[in-house]
Amino acid sequence: MNNGINEFINMHGEKKYAEIVILEYNFDKIFHYCIPQDLKDRISLGSRVTIPFRGKVTTGCVVGFLAESDVKNLKDIRQITDRKPILTPQVIRLTKWISNYYLCSWEKILNYAIPKTRRAWLNKFDITDISPQKPPRLPEDDKSSDNEIIFSAEEVKEKTLLKDIENIINNKKFKTVLIRGNDFSSRMKIYLRCIRKTLKEGRQAIVLAPTESHLSELAGLLEKEFKDNMVVFDEKIDQKAKYQKWIKIRNSQVNIALGMRSSIFVPFDRLGLIIVEREHSSLYKEERSPRYNAREVALKRAELENIPLILSSETPSVESYWNVHENNFLEEELNTGEERENLLKKTIIDMTQEKSKKKIISYELQQAISRSLKNKRQVVLFLNKRGFSSFMICSQCGHIPKCPDCNTSLSYHLDIQKRAQLICHNCGKRAKVTDVCAKCGSKEIRPLGMGTQKLESEIKKMFTRAEIRRLDRDSLIKDDDYRQILEEFNQGNTDILIGTQMVLKGVDFNNVDLIGIISADTLLNLPDYRSGEKTFQLLSEVISSFREISFPKEVIIQTFNPEDHCIVALREQDYNYFYQKEIELRKELDYPPFTHIIKIVILGEEKEAVKQRAEYLISYLEFLRKDKESAEFKLLGAVDMVLWKSRNDFKVQFLVKVKDLEKFNQAFKKKYDKMLSKHFDQKNRLTIDVDPVRMI
DNA sequence: AGCACGCCGACT
DNA sequence: GTCGGCGTGCTC
């Protein structure tokens, strides 16, 4: 198994030629160089080298070895930059896989994985090549003679799943465990034990978290035991500090790395375990090039390194859960006890049954808020839409005013003088509000849906004596506002907090006994095959904000779609129900995980130029369709090509649906480079997103 | 990305 | 005949 990496050494045991990816130019090509005799012993996969190229000296990264080359007049490698390679052979293999899977150049992903190094740092913080350290001494080393035990007999008796995890960790082979559940402290206990065990074996661990706050939560807990044995790559880290931490890793001075998505590339050479916390998070997807998903890359790295992988989530991604059945992932459930469930009431309000269609707050929710206020408890009202109102609709003919450039519905906003205005969130175009429908002429046109602003004014009218605060992007003017609104609420000075996703971060729900989800529909109706999954995940997270429940609490969900499987699954807190219904839909409509989607976007300032390039791209894909080496695929969005306006650019988007991604990519790559340089540049850009997390 | 090469039209 | 326009292709 060589994964397309040439490590072949000729019969004299000599590495004669090196395959090199040039790091300073964006060519998707491998160059061959001779390895001078004096460098032979020190060069390896992942070594950075200086090489003559086009009459200049440039740097490259060694990605393979050859005994023979059919290229004539090969030049010599000048020198090796780092004393020990900055990347490990396994990470080189990983980046190769990424460049094929995500259709980006090898150079791009290599440069992304390697911290930006200044020449000066190279001498200052070099790799000292400390010979493999003895694993750090742990308290148990002295006590337990049987080092095969991770969990005690008592613990295993209580939760038999621990035995399975123990076996997998002890086995030290590639195997994925998906832990599903909301019990953070049990999950944490498993992480701790597994890491401890891994270190004891003299191996290393990577822990990924999706956001800065989840990262610091994990780091805080792990630091108690492993402070001197770990590095944390937090959000604000600069290139220099990042490089220093890499050197520590490379020198085996630390054996645990914590970070967000990019930490999946850290160069441990005795990696023994990867943990991906909240694996469902869309933040694992890099939304700029290279557009990889760290969860998928973690899976690939675990496979390449042949080590266990732990994925965990309260609401696993449909892809991962599907893998439980298809690829023999081990699934374990870890949920908090039933006492919690008995004190937590979940109510779904069918808004189609409300008498007044214009009302935002149902009668039941209004009553529940009154009850909370009387009991001196706090209320959080959740809405995932900013602005005043989402769009206008004519109740006579159903017409929705749309932006002529973007074909998206215009948002209804109030300006500072409280004058109504329509704004296109895509391109920023503004339009006047009309009181007559442009299509049928009726006067029954009015705003539908709502934002936090409108909700706030409604609530203020309803509960005149309550302290009400709003927490969303728009309400934050000064940097300090966020902290202040939180502090007021957490000290109990606020009765009702209205907010978007932001309330999930930093709000203390201890004294809250009511969460009202104003409209489950806004997210559910997005034009995205994942909208159901996203709704279920987000609202589950909202409900989980109630961590400790010592008195009765209630969640009220208002929706126009009470029968939707996501809503039903939320009420029953039944992941399996959600998954079964969702996977049926995906299968029926040929969506992931049954196919892959590739999002192709063309952007440019001139409308005609964009259109022309889009047509060229379509013809390239049609040409591919005839290629016997390519895979079958569907092309969406090409027949009635829509040009959108996005900021200053015109934009065209296609979706390719393909089952055999590997085969398709191989054929696609053949002339991709040529097409790119011939038809696209800074003015007319082409972006390709494999397995996108957002459709628009 | 640059830079050479080459094929073509315009010009002292 | 020769200068320079840019489209095409190569760089180990």
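All chains are named by letter (A, B, ...) in the order of the sequence lines, taking the proteins before the strands, and each is independently numbered beginning at 1. Just so we're clear, the structure is a prediction, and the values are computed from it rather than from any experiment.
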Salt-bridged, A/Lys599 to A/Asp691, with N to O below 4.0 Å?
no
Looking at A/Arg291 and A/Glu286, does any basic side-chain N land under 4.0 Å from a carboxylate oxygen?
no
Base, sugar-phosphate, or nothing for A/Lys72, non-hydrogen atoms under 4.0 angstrom?
nothing
Would you mind reading off the distance between [X] atom [atom1] and [N] atom [atom2], rounded to a whole angstrom?
X: A/Ile51; N: C/dT11; atom1: CD1; atom2: C1'; value: 11 Å
X: A/Lys674; N: C/dC10; atom1: NZ; atom2: C1'; value: 10 Å
X: A/His679; N: C/dG9; atom1: NE2; atom2: P; value: 12 Å
X: A/Ile30; N: C/dC10; atom1: CD1; atom2: C1'; value: 16 Å
X: A/Lys75; N: C/dC10; atom1: NZ; atom2: C1'; value: 12 Å
X: A/Glu19; N: C/dC12; atom1: CD; atom2: C1'; value: 11 Å
X: A/Glu107; N: C/dT11; atom1: CD; atom2: P; value: 19 Å
X: A/Leu676; N: C/dG9; atom1: CG; atom2: P; value: 16 Å

Which nucleotide sits closest to the side chain of A/Phe31: C/dG9, C/dT11, C/dT8?
C/dT11
I'd like to know if the side chain of A/Arg261 reaches the main chain of A/Leu283, judged simply by a donor and an acceptor atom lying under 3.5 Å from each other, with no hydrogens or angles considered.
yes
Reading nucleotides 1-8 of chain B from the 5' end, what letters show protein touch, with B for base, S for backbone sugar-phosphate only, - for no heavy atom under 4.0 Å?
BBS-----
4.5 Å side-chain heavy-atom contact, A/Arg586 and A/Arg530
yes
Under the ring pair (Phe, Tyr, Trp, His ring centres under 6.0 Å) test against A/Phe265, which residue among A/Trp246, A/Tyr292, A/Phe233 passes?
A/Tyr292
Indicate whether the side chain of A/Glu608 and that of A/Gln612 have a donor and an acceptor atom separated by less than 3.5 Å.
no
